[in-house]
Amino acid sequence: MDIQVAGRLNVADVLANPKEKVVRQAITSSGWAKAHPGTIDVMIGSPSAINFDGPHPSVRDVWKLEEALATIENDYDLVLIDCAPSLNALTRTAWAASDRVVVVTEPGLFSVAAADRALRAIEEIRRGLSPRLQPLGIVVNRVRPQSIEHQFRIKELRDMFGPLVLSPQLPERTSLQQAQGAAKPLHIWPGDSAQELAADFDALLERVLRTGRITAPDEAPRP
Ligand SMILES: Nc1ncnc2c1ncn2[C@@H]1O[C@H](COP(=O)(O)OP(=O)(O)OP(=O)(O)O)[C@@H](O)[C@H]1O
Ligand SMILES: [Mg+2]
């Protein structure tokens with residue numbers, strides 16, 4: 001995301017002490033904003049966040065990120081929380097801070113099964129912890145349109161999850177890996193391949209902004 005981390009705090013500090021002052025010191029501006037109008041900020045990650053990933057988080061722990069983000073969320077139109085691909089304490093902490101969950105999957109057998117597990121887990125958290133939480137949809141990534149197996153799995157996803165399967169689906173593209181490797185936004189990467197994929201991401205963002213903004217801030221339950 002093209003950020004400078006020197007002298008800043010990070011998400012582990014925020015989880016330890018979710019006060020506005022700490023939150024603001026853990027956020028920095030992204031160099032990606034150079035290619036875009038508007039603001040793109042990043043809360044700095046840290047391997048130390050694993051210390052908050054114990055098997056039995058308390059209810060208070062699970063709401064820490066929500067508490068932290070509530071202090072600054074009015075500054076932003078959209079907050080994306082990138083989770084590890086597991087349903088552990090940190091993911092539940094992220095979901096407690098969220099209105100909607102986007103599940104990213106690939107058109108393969110194990111990925112389809114994992115998407116199913118993720119949606120069940122969202123439902124469980126919605127019932128037990130956070131009534132406002134809902135799945136926003138499933139993004140299908142790394143699609144090879146010529147693959148019969150991929151076509152079969154995409155149909156399986158549609159049969160299982162219906163309109164939750166979002167369009168467009170994202171193709172497998174080397175240009176994404178090149179842009180990632182150079183730590184540059186896909187949107188400024190040269191070539192038609194990168195620009196087509198960038199347009200797909202724009203269409204998904206449009207969809208997220210349109211359907212995601214359902215809960216007004218005063219309706220959002222607080223711990
Ligand atoms: N559409 C795509 N086309 C080509 N490569 C892709 C695509 N999507 C992801 N990749 C590649 O797959 C790898 C993993 O991608 P990414 O980091 O986005 O996945 P992740 O699920 O968030 O992984 P992690 O579990 O490590 O967080 C990266 O090398 C990335 O470049
Ligand atoms: Mg990741």
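We use all heavy atoms of the structure for the numbers below, so side chains are in, but hydrogens, waters and symmetry mates are not. We count ligands from 1, going down the list as the structure has it; atoms in each ligand are counted the same way.
Ligand 1 has a nitrogen or oxygen under 3.5 angstrom from a nitrogen or oxygen of N141. Considering both main-chain and side-chain atoms, C83 never comes within under 3.5 Å of ligand 1 through any nitrogen or oxygen pair.
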Q.
Run D75 and R24 through salt bridge (charged side-chain N to carboxylate O under 4.0 Å, His left out) and show every step you take.
A. CA-CA 11 Å; D75 295 359; R24 292 209 183 269; 3.1 Å; yes
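For atom 15 (O) of ligand 1, the protein comes within 4.0 Å by no heavy atom at all.
Taking a cutoff of 4.0 Å between a charged side-chain nitrogen and a carboxylate oxygen, K34 and D2 qualify as a salt bridge. The pair E156-R153 counts as a salt bridge, with a side-chain nitrogen and a carboxylate oxygen less than 4.0 angstrom apart. Salt-bridge annotation for E149 and R144: absent, with no side-chain N of the basic residue lying under 4.0 Å from a carboxylate O of the acidic one. In summary, R126 and E123 engage in a salt bridge, as defined by a charged side-chain N under 4.0 Å from a carboxylate O.
For ligand 1, the atoms sitting less than 4.0 Å from at least one non-hydrogen atom of P85 are 25 (O), numbered in the order shown with element in parentheses. Close approach to P171 involves these atoms of ligand 1, each under 4.0 Å from a residue heavy atom: 1 (N), 2 (C), 3 (N).
Judged by the shortest distance from any of its heavy atoms, L176 lies inside the 4.0 Å radius around the atoms of ligand 1.
For the salt bridge (Lys or Arg N to Asp or Glu O under 4.0 Å) test, no residue two or more places apart in sequence or in another chain qualifies with R60.
Counting only heavy atoms of the protein, atom 13 (C) of ligand 1 lies nearest to R142 NH1, 3.9 Å.
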